[in-house]
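Residue numbers begin at 1 in each chain, while the letters A, B, ... track the order of the sequences.
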There are 2 protein chains.
Amino acid sequence: MTIYDISEKAGVSIATVSRVLNGSDRVSDRTRQKVLDIIQQCGYTPNAFARGLGLNTMKTIGIMCADSSDLYLAKAVYYIEQELRAYGYDSLLCCTGYELESKSASMDLLLTKKVDGVILAGSNFVYEREPDNRYIAEAAARIPVMLLNAAFDAPNVYSVMSDDCKSVYEATMQMRSSGTEDILYFYNADSYSGKRKLSGFLAAMEEAPAASGPLTEFYHGSHEDIHAMIGHLKAVHDRGVAFHGVIAADDNLALAAVKYAAEMGYRIPQEFSVIGYNNSMLAICCQPELTSIDNRLETLCQHLIATLLGVLEGKEMPKRTVFSGELVQRGTTRPELTRTE
Amino acid sequence: MTIYDISEKAGVSIATVSRVLNGSDRVSDRTRQKVLDIIQQCGYTPNAFARGLGLNTMKTIGIMCADSSDLYLAKAVYYIEQELRAYGYDSLLCCTGYELESKSASMDLLLTKKVDGVILAGSNFVYEREPDNRYIAEAAARIPVMLLNAAFDAPNVYSVMSDDCKSVYEATMQMRSSGTEDILYFYNADSYSGKRKLSGFLAAMEEAPAASGPLTEFYHGSHEDIHAMIGHLKAVHDRGVAFHGVIAADDNLALAAVKYAAEMGYRIPQEFSVIGYNNSMLAICCQPELTSIDNRLETLCQHLIATLLGVLEGKEMPKRTVFSGELVQRGTTRPELTRTE
DNA sequence: TGCCTGTATGTAAGCCCTTACATTTTCCAT
DNA sequence: ATGGAAAATGTAAGGGCTTACATACAGGCA
């Protein structure tokens, strides 16, 4: 069943059928209706490949993410996919893992498939070493590249991100002013946003420096292995480092901190405070429930897609948009002490 | 840059270039090398749309799932994507939501995109009312349809699933023989596997019927709203229904049960037992950690893909494969009482 | 040398659409 | 009626690739 069959049955030329298919207004209403009827009746669907060849697009966007089963990235992928589909685009998903090489290879794959644009979901796509980001710039030479929660300055690369630095700064300040000074910043990803969070923490610790100084620990291990994270915190403790608060770079680490504190016999939040990041489902899973920074992922994703669509339409769009996050108070933090003058 | 440019530079015909591109053996080694060199040198990539048009495939598989941000489905999508890519296929992701209509529409979308096959990830795609499954049979008339954790009997439809019935039966029996008889089966999805789990529970409760009889509660609400689930359980309690054990249809519900029990002041597992399903990350998030049924999702996904690839190669493949799950013991259950003769 | 076989390569006809341009029809103003 | 502009439709040329079939060429044998 091709456009020829339809044109024949409808008694028109294939050009007319094609026009109907593509919603051109250069067709009389009567003809349009006749053609639509036949199409309906025959259950005809245009061949997507031929269409792609003719239009040079199949309305498909590539979504790259390191690991779509990660709680946070899964949400991102979901929002992105929903948003894209609402605008008639399909999503080609590509889970790249965390190595540069496989990311670059995945990018090539998507370019080969001729997607109209590509979304890099997650801050781990932008590396500190400039040359490592070449794969992004190269892709951007062909199609628009959208960065979620990261920024990279190159033509045709657009970023939508949350203000991690500020959020963590504020969270840290709140914890300090609630009376906890020996705070450990517990992080895992040496990524773009990881760095921004760290700098927010350090900035907050440098205001009226605490006796303990800024404590930081880098966790390298599975994102889901809570036990390993707890073990890591115990090791820190055993090393003689005293800390009664944890600012975590994500909720998984924060949850580990909560469990660590419980195992150590600290009462939360009276003796131990924890603030997580992402305000994911985990925040309401632990006991007490986790105070966490919400970076408004859905909003970010919506803007990301809006920007992408704008770019695809040839509009001038902002290269970088930053949203500020919000600290969601739950049971692992105390209120700030009201300072007596 | 087209195949013509390459053929010209290499001094051969386009047919030869095409043969090299497609790994035909009807090319002399010398020519092949020459062409490959030129291709390399020019950074040429064949046009995927033209290729698709010629070959009538773009090596793309559609993955449908209700909600890819769901903990369990996200894992499934991840495993499936990884496995597919390992075999050179790309994944078109389609989050359908839970309504029949949108599932059917998504299916049409994927068919329009001419995917080579489609995977329905999750038991919610198969409905009890036979006519509701027509969209599956219709799709299967065009491309192979793979069902994860569901079964539907139609030509060109293949299923890979876990033995939910048996797993829940065994879990229930274990809980009973550990001394808890007033067990509530707490479930949410009225899906294919939901039914099988329920029947496993009922079967186990019918062996030497308990005084309380089989207690079941259907939760309808957000998958992530733990508080609503806890509220539901409290309402059951307030209705005067006594239960000291919960078998949950997924870990989210189970986690709610654990929190419910904690709020009610029950000691777990001494006075209250919980068994979850999926052995997801949530199992190690709560306190005490959750005993949960692991249905070996990764294995299921691998078999699913292996079967699909077999079908695509025209091989005869089993229409239904069932794997048995495994109960992972953690802190929310007691050991079985050793029966004294 | 001439013939045959088998392999390497080329030619050209699709695959199914889109769209620029050509042609026909419609309809209004005159 | 009639010229002409605008609207509707048709024709045909791609778009870049695959592949059946045709051709050229090499080597083996008589």
Q: Over all heavy atoms of both residues, which pair between A:Leu148 and A:Ala121 is shortest? Give the atoms and the distance, please.
A: CB-CA, 4.0 Å
Q. Just checking A:Arg26: base, sugar-phosphate only, or nothing, at a heavy-atom cut-off of under 4.0 Å?
A. base
**Q.** Distance, rounded to the nearest Å, where A:Ile3 contributes CD1 and C:dC16 contributes C1'
**A.** 8 Å
Q: Specify the separation, in whole Å, of atom CG of A:Asn47 and atom C1' of C:dG14.
A: 13 Å
(Q) What I want to check is whether the side chains of B:Arg51 and B:Asn56 have a donor and an acceptor closer together than 3.5 Å. (A) no
Q) Looking at B:Thr31, does any N or O in its side chain come under 4.0 Å of the phosphate oxygens OP1/OP2 on C:dT9? A) yes
**Q.** Rounded interatomic separation in angstrom, taking CD1 from A:Ile14 and P from D:dT11
**A.** 9 Å
**Q.** Short side-chain N/O contact from A:Arg19 to OP1 or OP2 of D:dT9, under 4.0 Å
**A.** no
Q) What's the closest nucleotide to the B:Val27 side chain, out of D:dC17, C:dT18, C:dT9? A) C:dT9
Q) Does a side-chain N-to-carboxylate-O contact under 4.0 Å join A:Lys113 and B:Asp90? A) yes
Q: Using heavy atoms to find the nearest nucleotide of DNA chain C for B:Val12 and B:Ala50 separately, return the residue whose nucleotide is more 5′.
A: B:Val12
**Q.** Nearest-nucleotide pick for A:Leu53, side chain only, options being D:dG15, D:dC17, C:dT9
**A.** D:dG15
Q) Closest approach of B:Leu73 and B:Ala66, non-hydrogen atoms and distance? A) CD1-N, 4.1 Å
Q) Counting any heavy atom closer than 4.0 Å, what does A:Ser18 reach on the DNA or RNA strands: base, sugar-phosphate only, or nothing? A) base
Q: Return the value, rounded to whole Å, for the distance between atom CE of B:Met58 and atom P of D:dC17.
A: 13 Å
Q) Could you state the OH-C1' distance from B:Tyr4 to D:dT18, rounded to the nearest angstrom? A) 11 Å
Q: Consider the side chain of B:Asn22, meaning its heavy atoms from C-beta on, and name the nucleotide among C:dG10, D:dT18, C:dA8 that approaches it most closely.
A: D:dT18
Q) Of the candidate nucleotides D:dG10, D:dG16, D:dT18, which contains the atom at the shortest distance from the side chain of A:Ser13? A) D:dG10
Q: In whole angstrom, give the distance that lies between atom CZ of A:Arg32 and atom C1' of D:dT9.
A: 13 Å
Q.
Under 4.0 Å, heavy atoms only, any strand: does A:Thr16 hit a base, just the sugar-phosphate, or nothing?
A. sugar-phosphate
Q. Whole-Å distance between D:dG16 P and B:Leu21 CG?
A. 14 Å
Q.
Rounded to whole Å, please give me the gap between CG in B:Leu55 and P in C:dC15.
A. 14 Å
**Q.** Closest-nucleotide ordering on DNA chain D, the 5'-leading residue of B:Phe49 and A:Gly11
**A.** A:Gly11
(Q) Looking at A:Glu81 and A:Arg85, is there a salt bridge between them, counting it only when a charged N and a carboxylate O are closer than 4.0 Å? (A) yes
Q: Respond yes when some side-chain nitrogen or oxygen of A:Tyr44 is under 4.0 Å from OP1 or OP2 of C:dC17, and no when none is.
A: yes
